[in-house]
Amino acid sequence: MATRPSELFAISAAVLLGLSFLSRLSPGQAGISIAVRNVGYVFPPSTVFLAMASFLCFFAAIYSRWPLSLNNRAAVWHYWITAAAIAAFWFCFYFFAFHATRESDLTVRQTAALLGQFISMMVILLAQTIFVANLAFAVVRFQNFNASH
């Protein structure tokens, strides 16, 4: 059973990679859209899965090889909050995509799914503050350790 944060992030990245390949088999035309000024960009779910997997690989690498002593409890919290938010994001995304109607008005369920996606994205971003704080405290401890020796 994986208990180290680096292993947890790596396993989750592998799962997202597998889901990326599976999402390409779906006949649906759903995508993640981002509007920048007057231009809209639509990314297929497979691309978003790969981007998320890349970030999880980054965290796995940092937690496995970083020379600083990062707080393991904070790293585990970072993982579980991130993983739960990613799962909530994809649940809401597919719930919205498979319950899409051709009507112009959103149903209550679709609105809740969109709100769930938005909140889960915010939680994913806020969870990264745990990583940044953990890294900052490790750097400060490392500098204090070097100054005392």
Side-chain angles (χ1 to χ4, degrees), residues 1-26 28-101 103-142:
M1 178 85 186
T3 57
R4 294 187 345 198
S6 59
E7 295 169 348
L8 293 170
F9 277 107
I11 290 168
S12 295
V15 168
L16 288 178
L17 183 63
L19 290 173
S20 170
F21 293 126
L22 288 176
S23 72
R24 293 177 187 200
L25 301 176
S26 174
Q29 297 297 321
I32 309 294
S33 63
I34 299 173
V36 179
R37 297 190 183 179
N38 292 332
V39 180
Y41 302 95
V42 178
F43 300 100
S46 61
T47 303
V48 180
F49 275 121
L50 289 176
M52 288 180 170
S54 298
F55 282 110
L56 294 183
C57 286
F58 169 76
F59 294 126
I62 294 294
Y63 284 127
S64 68
R65 294 291 176 200
W66 193 255
L68 302 174
S69 58
L70 295 165
N71 184 325
N72 194 49
R73 181 176 286 166
V76 170
W77 272 96
H78 173 220
Y79 169 75
W80 284 111
I81 292 171
T82 302
I86 288 173
F89 173 83
W90 286 111
F91 175 79
C92 291
F93 174 79
Y94 280 108
F95 183 82
F96 180 81
F98 288 123
H99 289 88
T101 60
E103 300 171 11
S104 61
D105 294 336
L106 293 175
T107 66
V108 173
R109 290 181 179 165
Q110 289 174 318
T111 305
L114 286 176
L115 183 62
Q117 277 185 287
F118 178 74
I119 291 171
S120 63
M121 286 189 294
M122 293 300 108
V123 171
I124 290 170
L125 291 175
L126 288 174
Q128 306 325 304
T129 60
I130 296 171
F131 172 74
V132 171
N134 194 4
L135 184 62
F137 285 128
V139 168
V140 168
R141 273 187 301 218
F142 184 72

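Owing to the predicted nature of the structure, the values given are computational and were not obtained by experimental measurement. In this chain, numbering begins with 1 at the start of the sequence shown.
- With sequence neighbours excluded, the residues satisfying side-chain contact (heavy atoms from CB on, under 4.5 Å) with Leu22 are Leu19, Leu25.
- Atom CZ of Phe95 sits about 8.5 Å away from atom CD of Gln110, to the nearest 0.5 Å.
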Please set out all donor-acceptor pairs under 3.5 angstrom arising from side-chain atoms of residues 115-137, sequence neighbours excluded.
unit_1: Ser120; atom_1: OG; unit_2: Gly116; atom_2: O; d: 3.0
unit_1: Ser120; atom_1: OG; unit_2: Gln117; atom_2: O; d: 2.8
unit_1: Gln128; atom_1: OE1; unit_2: His78; atom_2: NE2; d: 2.7
unit_1: Gln128; atom_1: NE2; unit_2: Thr82; atom_2: OG1; d: 3.3
unit_1: Gln128; atom_1: NE2; unit_2: Ile124; atom_2: O; d: 2.7
unit_1: Thr129; atom_1: OG1; unit_2: Leu126; atom_2: O; d: 2.4
unit_1: Asn134; atom_1: OD1; unit_2: Asn71; atom_2: N; d: 2.9
unit_1: Asn134; atom_1: ND2; unit_2: Asn71; atom_2: O; d: 3.1

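- To the nearest 0.5 Å, the span separating CD1 on Ile86 from OH on Tyr79 amounts to 8.5 Å.
- A donor-acceptor pair is defined here as one N or O able to donate and one able to accept, closer than 3.5 Å; such a pair exists between the side chain of Ser12 and the backbone of Leu8.
- In this structure, Phe89 has no ring-ring contact (aromatic ring centres under 6.0 Å, His included) partners at least two apart in sequence or on a different chain.
- Shown here are the side chain to side chain donor-acceptor pair (under 3.5 Å) partners of Ser46, two or more places apart in sequence or in another chain: there are none.
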For residues 54-62, tabulate all N or O donor-acceptor pairs below 3.5 Å that involve a side-chain atom, not counting sequence neighbours.
unit_1: Ser54; atom_1: OG; unit_2: Leu50; atom_2: O; d: 2.9

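- Residues meeting the side-chain contact (heavy atoms from CB on, under 4.5 Å) test with Ser6, sequence neighbours left out: Arg4, Tyr63, Ser64.
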